[in-house]
Visitor: 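For reference, the structure I am asking about is given below.
Sequence lines set the chain letters: A, B, ... in the order given, protein chains first and strands last, and positions in each chain run from 1.
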Amino acid sequence: MKKSDEDDSDKRAVHLGFPNPAMESTDIPLDLNKMIVKNRSSTFYMRVEGSFWEEMDIHSGDILAIDRGLELRSGDIFVGTVDGEFVLNKFTGSHDEEIDLWGVVTYVIHKTRS
Amino acid sequence: MKSKNGSLKTAKTPVFALVDCNNFFVSCERVFRPDLKDKPVAVLSNNDGVVVARSNEVKAMKVPMATPYFKVKDILRKNGTQLFSANFALYGDFSRRIVEVLETAAPYVEVYSVDESFLEVSSLEIEDYQKWGQELATKVERYTGIPVSVGIGPSKTLAKAASEYVKKHPETKGAYDVTEVTPRKKMLKWLPVEDVWGVGRALGSRLSNRGVKTAYDLTQVSEDWALKTMTIRGLKTLRELKCESNIPLETNSKHSQQKSISATRSFGITVRAPYQLESAVANFAARIAYNLRRKGQVASEVVVFLRSGVKDVHQHNPSINVRLSFATSDTAILTASVVKGLSQIIKSGHGYKRAGLVVHKLLLVEASQLPIIDTPTEEIIGKSERLMSVMDDINKRWGKGSLAIAREAIGRTDWQSKRENKSPAYTTSWAEIPVITLK
């Protein structure tokens, strides 16, 4: 989509003969989706319940954006499964055999106004 | 590259891949229920309490597809089967996700149904198709959580057969390549003739009676014999099995702007069961939503229709115009909407020969934030009011009236309790996203 927009503006610039300042601008209003969702096909959301991770600034009611398509890297927070339950964990570099990776947490969305 | 009717022409010998989701509805339900891994799971249709998807554990109980629930209730219960009522919004969303992954892997994708897509990959210069297919299967499962089987072959029919082979042969690790003669022969000798794409049970048993029992046997008959015994479609099938691609990939040109898109199908037989009609319209919805997205279009209305046979004495040719709450190309919304629309027009016990969907009032995505109706002429107002009254009627019935639909369709308290087993709208409603409890 983005690509064809650029193509169009190129064409217009040629036809007009001189650059139209309004056309030249490629500024697009900020879109939170584009920042948080890198892969539309592999991004899911989950809601946190419980205060266990408050020290890590993850609070009850927060929404996690989780990308299943990413490779796990050291320092990542990830959702895994143990004995059929979802768990949240921090990857320190060596994989815990008991935990199956479900997806990598990319953002924590925290609402500040009740 | 493309001919006028949208079919694909390639100079090279085509190579097709069929990507088929394993136990699709069940697999969708399991993504957010890790506790159900390796446990028996079955999905029942919305309308009539028929088994429409089975996990491998349920298949092992010898519960056939499309069995009415009451017939298999005891065996399912005895084995602790987790039952779900079909959640088409969820399945539609996963369908969309999978197609998006496939589009990153192949230049041409044809969404054949809600859980199957054909790819054409001859231009990719792939050296090892088997390995490519396995990697694709791994990627789809990693991205979406849905396991798939990938069959690769020189025709669509062979690709589809290869994907069947994958499902029954775990050692294939997700993919089977029949572009070479040795694996192809092995597969053809294994595949029962009735499981060949386009043959089916009735024709299959007729062929079987004449000694044509496997797909390989079918490749040995003459074209004359095939034409006489199986009509022109059968001849196509024979040629496809012999590596001559006769059924092209159907892709729609990305740039042609259409005012409406339709998908219809004649069943060939009279279809009475709501679950079959449901699955037909769900497949149409997946195809149409995909074509909309390819063209950067969104639809604001969708017509669902059913047709009796021309010669049927009792004609019932209902249609409903479902106005979507906003213009969309989302498979989840479209699928859920048409399934609900369908439930409004099906006449219990009545048989239909054809079903279809038409989406119209298409807009480009860029324009979709504008009001759908901006110059209210008298004609448009009248039309809009009629639409709204249909919509209100639907809303009224879905709300507190949804019980009435269940009663009308089933009349069994047993099933009503099962309707409560519909899983949350995990991916389409913020209020219903999965909860992770930290302790």
Side-chain angles (χ1 to χ4, degrees), chain A residues 1-5 7-8 28-29 37-72 77-90 98-105 108-109 111, chain B residues 28 30-39 41 82 90 93-105 109 138-146 254-255 293-298 329-332 364-366 368-369 424-439:
Chain A
M1 206 37 83
K2 200 181 162 204
K3 193 150 187 267
S4 70
D5 286 346
D7 291 347
D8 281 355
I28 298 164
V37 183
K38 292 283 179 279
N39 292 317
R40 250 169 60 92
S41 51
S42 57
T43 300
F44 296 89
Y45 302 95
M46 288 191 190
R47 194 182 306 276
V48 169
E49 217 165 69
S51 53
F52 188 81
W53 274 65
E54 271 177 5
E55 272 177 35
M56 302 288 294
D57 254 347
I58 297 177
H59 301 266
S60 200
D62 286 358
I63 290 172
L64 308 177
I66 304 151
D67 191 340
R68 290 182 53 101
L70 300 176
E71 294 283 354
L72 201 53
I77 293 172
F78 69 97
V79 171
T81 60
V82 177
D83 296 331
E85 277 188 52
F86 285 122
V87 294
L88 200 62
N89 218 310
K90 188 161 182 160
E98 274 176 29
I99 306 178
D100 289 326
L101 172 66
W102 195 89
V104 176
V105 177
V108 179
I109 302 159
K111 189 175 176 182
Chain B
C28 293
R30 275 177 169 162
V31 171
F32 298 110
R33 291 288 304 272
D35 58 308
L36 296 178
K37 192 186 169 198
D38 303 324
K39 302 260 164 61
V41 178
Q82 175 73 46
L90 182 70
D93 183 60
F94 274 100
S95 179
R96 187 265 306 166
R97 289 168 184 270
I98 291 160
V99 170
E100 282 179 11
V101 176
L102 299 180
E103 284 198 299
T104 65
V109 178
T138 305
K139 185 176 181 184
V140 171
E141 182 162 7
R142 191 158 71 94
Y143 272 53
T144 67
I146 306 297
K254 204 167 187 167
H255 297 291
R293 289 197 299 275
R294 271 185 73 86
K295 292 175 181 159
Q297 290 181 309
V298 286
S329 60
D330 189 304
T331 314
L364 288 174
V365 175
E366 291 83 0
S368 64
Q369 270 134 15
Y426 292 117
T427 59
T428 51
S429 162
W430 285 114
E432 297 182 33
I433 62 172
V435 169
I436 177 165
T437 308
L438 305 180
K439 49 194 178 194

Visitor: Donor-acceptor pair, A:Trp102 side chain versus B:Gly145 backbone, under 3.5 Å?
Guide: no
Visitor: Keeping the roles fixed (side chain from B:Arg142, backbone from A:Gly69), state whether a donor-acceptor pair exists under 3.5 Å.
Guide: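 It does hold such a pair.
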Visitor: First locate atom NE2 of A:His59, then atom CG of B:Leu438, and finally report the distance between them rounded to the nearest 0.5 Å.
Guide: 11.5 Å
Visitor: Please find the pair of heavy atoms, one from A:Phe86 and one from B:Phe32, that lie closest to each other, and give the distance.
Guide: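 Minimum heavy-atom contact is CE1-O, 3.6 Å.
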Visitor: What is the minimum heavy-atom distance between A:Ser41 and B:Thr144, and which atoms define it?
Guide: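 Distance-wise, the nearest heavy atoms are O-CG2, 4.0 Å.
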Visitor: Mind checking whether B:Trp430 and A:Tyr45 have side chains closer than 4.5 Å, heavy atoms only?
Guide: yes
Visitor: Roughly how far, to the nearest 0.5 Å, is CD1 of A:Ile63 from CD1 of B:Ile436?
Guide: 13.5 Å
Visitor: At what distance, to the nearest 0.5 angstrom, does OH of B:Tyr426 lie from CE of A:Met46?
Guide: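 B:Tyr426 atom OH to A:Met46 atom CE measures 9.5 Å (nearest 0.5 Å).
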Visitor: Would you give the length of the straight line joining atom CZ of A:Arg47 to atom CD of B:Glu432, rounded to the nearest 0.5 angstrom?
Guide: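 It comes to 10.5 Å.
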Visitor: Looking at chain A, which one of B:Arg96, B:Lys37, B:Lys39, B:Arg33 has the largest number of heavy-atom pairs inside 4.5 Å, strictly under?
Guide: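 Highest number of heavy-atom pairs under 4.5 Å: B:Arg96.
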Visitor: Is A:Glu54 in contact with chain B via its backbone, its side chain, both, or neither, using a 4.5 Å heavy-atom distance?
Guide: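 For A:Glu54, there is no contact with chain B at all, as no heavy atom is under 4.5 Å.
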Visitor: Name the option with the most non-hydrogen atom pairs under 4.5 Å to chain A; the candidates are B:Asp35, B:Ile433, B:Thr437.
Guide: B:Ile433
Visitor: Say you draw a straight line from OG1 of A:Thr43 to OH of B:Tyr143; how long is it, rounded to the nearest 0.5 Å?
Guide: 9.5 Å
Visitor: Contact part of A:Asn39 toward chain B, heavy-atom cut-off under 4.5 Å: side chain, backbone, both or neither?
Guide: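 For A:Asn39, the contact with chain B is made by the side chain alone.
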Visitor: Is it the side chain or the backbone of A:Val87 that comes within 4.5 Å of chain B heavy atoms, both, or neither?
Guide: backbone
Visitor: Checking heavy atoms, do the side chain of B:Glu141, its backbone, both or neither come under 4.5 Å from chain A?
Guide: backbone
